[in-house]
**Q** 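First, the structure itself, so that you have it in front of you.
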Amino acid sequence: LQSDIESYILQYKTQNPNYSESEEKLQCKILNKLLRQKLFLNQAELDSVTANETRVNQMLNSRIDRAIMQRGSQKKLEDFYNKSMLQINNQLKEKARDQLIVRKMQKNITGSVSVTPQEVKEYYNQLNKDSIPIIPKKYKIRHIVRIPEYSEKSKNNVRQELTKLRKIGHYIDVILL
């Protein structure tokens, strides 16, 4: 399990080079994800759910191409994982297969569930008002203002163009009358 966590951390770092979470928080998030995934995979095995190999290969190729683009070259990717391309392919292929099976299981479980807006309203109306947490609204507003500086020459050019347009506009007004 520890090697799986380390492998997912490497993959996460590859896919998100500018991540800002602490290593411990990332490990917890990945452990939680792995445990859920193992439960789904176990149930999928019991239910004989499999993944389409064509889709697995498509997903694998997409991930490999993206990882190579992010790292710059195949050699850099191999150095990053400290593995050969064949090993990386095998590892990522297994993960892609597992991910597709998990998605299929989630869809099987939640696919037939439908909730209407009225049912949601009824559910929340039944709850004790004190048990519903108040989530404050949060806004982040940023405004960048840059006032350009114009040279006298450019100001004069604009004035001349406006004067020409005014003369033409006056001329058109006279014609229209």
Side-chain angles (χ1 to χ4, degrees), residues 1-140:
L1 188 62
Q2 183 63 31
S3 63
D4 286 344
I5 292 173
E6 290 170 0
S7 172
Y8 272 97
I9 287 174
L10 267 177
Q11 183 178 351
Y12 184 84
K13 287 179 180 178
T14 301
Q15 293 172 352
N16 305 294
N18 297 327
Y19 76 100
S20 61
E21 295 182 44
S22 70
E23 192 80 14
E24 292 169 352
K25 205 172 195 180
L26 185 57
Q27 284 178 344
C28 284
K29 187 187 281 187
I30 289 174
L31 178 62
N32 190 4
K33 180 181 176 181
L34 277 174
L35 290 174
R36 255 187 284 119
Q37 183 178 23
K38 296 290 182 192
L39 289 171
F40 279 119
L41 289 172
N42 187 42
Q43 188 62 43
E45 191 175 317
L46 294 173
D47 294 348
S48 301
V49 174
T50 59
N52 179 325
E53 278 304 306
T54 305
R55 182 69 184 116
V56 170
N57 289 327
Q58 288 173 344
M59 187 181 252
L60 171 68
N61 292 335
S62 173
R63 286 184 179 178
I64 293 290
D65 291 345
R66 193 171 355 144
I68 289 173
M69 262 186 21
Q70 286 176 338
R71 290 290 160 203
S73 71
Q74 184 174 324
K75 176 74 174 122
K76 288 181 182 177
L77 183 65
E78 289 173 338
D79 291 342
F80 180 78
Y81 278 105
N82 201 19
K83 295 179 180 181
S84 70
M85 235 14 239
L86 182 61
Q87 292 171 317
I88 294 170
N89 273 336
N90 290 338
Q91 179 182 353
L92 292 180
K93 186 171 189 172
E94 194 60 38
K95 286 181 183 178
R97 181 178 288 112
D98 288 351
Q99 189 175 15
L100 287 173
I101 291 172
V102 167
R103 283 184 191 166
K104 205 180 248 190
M105 285 303 298
Q106 287 174 330
K107 187 175 181 183
N108 287 346
I109 292 170
T110 61
S112 62
V113 175
S114 65
V115 180
T116 65
Q118 183 61 36
E119 290 171 327
V120 172
K121 284 181 184 177
E122 288 172 7
Y123 172 76
Y124 279 105
N125 287 336
Q126 290 174 355
L127 291 176
N128 183 0
K129 300 293 181 196
D130 296 335
S131 67
I132 302 173
I134 297 173
I135 302 172
K137 293 180 182 179
K138 293 183 179 180
Y139 300 98
K140 281 189 177 180

**Q** Side-chain donor-acceptor contacts of residues 49-56 below 3.5 Å, not counting sequence neighbours, with atom names and distances?
**A**
| from | atom 1 | to | atom 2 | distance (Å) |
| --- | --- | --- | --- | --- |
| N52 | OD1 | T54 | N | 2.8 |
| N52 | OD1 | R55 | N | 3.4 |
| E53 | OE1 | R97 | NH2 | 3.0 |
| E53 | OE2 | R97 | NE | 3.1 |
| E53 | OE2 | R97 | NH2 | 2.7 |

**Q** May I ask you to test the R103-L100 pair for a side-chain heavy-atom distance under 4.5 Å?
**A**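 Yes. Closest side-chain heavy atoms under 4.5 Å.
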**Q** So how far is it from I101 CD1 to N108 CG, rounded to the nearest 0.5 Å?
**A**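 Those atoms lie 11.5 Å apart.
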**Q** With sequence neighbours left out, write down each residue that passes side chain to side chain contact (heavy atoms under 4.5 Å, CB included) with L86, or none if nothing qualifies.
**A**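 Partners of L86 by the side chain to side chain contact (heavy atoms under 4.5 Å, CB included) criterion, ordered by chain and then number, come out as S84, N90.
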**Q** Can you tell me how far the NZ atom of K93 sits from the CD1 atom of I88, to the nearest 0.5 Å?
**A**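 So the gap between those two atoms works out to 15.5 Å.
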**Q** Can you list every pair that meets salt bridge (Lys or Arg N to Asp or Glu O under 4.0 Å) and has a residue in residues 113-125, with sequence neighbours left out?
**A**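 Not a single pair qualifies under salt bridge (Lys or Arg N to Asp or Glu O under 4.0 Å).
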**Q** Residues in salt bridge (charged side-chain N to carboxylate O under 4.0 Å, His left out) with D47, at least two apart?
**A**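 If we apply the salt bridge (charged side-chain N to carboxylate O under 4.0 Å, His left out) test to D47, skipping adjacent residues, there are no hits.
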**Q** Between CG of D65 and CG of L60, what distance do you get to the nearest 0.5 Å?
**A**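 Answer rounded to 0.5 Å: 9.0 Å.
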**Q** Using the test side-chain hydrogen bond (donor to acceptor under 3.5 Å, both in side chains), find all partners of K95 that sit at least two apart in sequence or belong to another chain.
**A**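 With neighbours one apart ignored, the set is S7, Q11.
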**Q** Give, for atom CD of Q43 and atom CD1 of I109, the distance between the pair rounded to the nearest 0.5 Å.
**A**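 So the CD of Q43 and the CD1 of I109 are separated by 7.0 Å.
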**Q** From Q91 CD over to Y81 OH, what is the distance, rounded to the nearest 0.5 angstrom?
**A**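 Taking CD in Q91 and OH in Y81, the distance rounds to 6.5 Å.
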**Q** State which residues pass side-chain hydrogen bond (donor to acceptor under 3.5 Å, both in side chains) with Q37; sequence neighbours excluded, sorted by chain then number.
**A**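 Residues passing side-chain hydrogen bond (donor to acceptor under 3.5 Å, both in side chains) with Q37: Y8.
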**Q** Considering residues at least two apart in sequence or located in another chain, which fulfil the salt bridge (charged side-chain N to carboxylate O under 4.0 Å, His left out) criterion with K33?
**A**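 For K33, no residue satisfies salt bridge (charged side-chain N to carboxylate O under 4.0 Å, His left out) once neighbours in sequence are set aside.
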**Q** Passes side-chain contact (heavy atoms from CB on, under 4.5 Å), L77 versus M85? Steps please.
**A** CA-CA 8 Å; L77 183 65; M85 235 14 239; 3.9 Å; yes
**Q** What distance separates T110 OG1 from M105 CE, expressed to the nearest 0.5 Å?
**A**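 Output value for this atom pair is 10.5 Å.
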**Q** Can you confirm whether V102 sits close enough to Q106 that some side-chain heavy atom of one is under 4.5 Å from a side-chain heavy atom of the other?
**A**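 The answer is yes, as the side chains (C-beta and beyond) meet within the 4.5 Å cut-off.
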**Q** Can you list the residues that meet the side-chain hydrogen bond (donor to acceptor under 3.5 Å, both in side chains) rule with Q126, with sequence neighbours excluded?
**A**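 Testing Q126 for side-chain hydrogen bond (donor to acceptor under 3.5 Å, both in side chains), a comparison that skips the adjacent residues, returns none.
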**Q** What pairs with Y123 under side chain to side chain contact (heavy atoms under 4.5 Å, CB included), at least two apart in sequence or on another chain?
**A**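 By the side chain to side chain contact (heavy atoms under 4.5 Å, CB included) rule, Y123 matches L127.
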**Q** The criterion is side-chain hydrogen bond (donor to acceptor under 3.5 Å, both in side chains); which residues satisfy it with K76, sequence neighbours excluded?
**A**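 Here no residue qualifies.
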**Q** List the residues meeting side chain to side chain contact (heavy atoms under 4.5 Å, CB included) with K75, not counting sequence neighbours, and say none if there are none.
**A**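 With neighbours one apart ignored, the set is S73, E78, D79.
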**Q** Indicate yes or no for a side-chain donor-acceptor contact from N61 to the backbone of N57 under 3.5 Å, with no hydrogens or angles considered.
**A**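 Yes.
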**Q** Taking all non-hydrogen atoms of both residues, which atom of K129 and which atom of Y124 are closest, and how far apart?
**A**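 Taking K129 first and Y124 second, the nearest heavy atoms are NZ-O, 4.3 Å.
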**Q** Using the test side chain to side chain contact (heavy atoms under 4.5 Å, CB included), find all partners of N82 that sit at least two apart in sequence or belong to another chain.
**A**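 Partners of N82 by the side chain to side chain contact (heavy atoms under 4.5 Å, CB included) criterion come out as none, since no residue qualifies.
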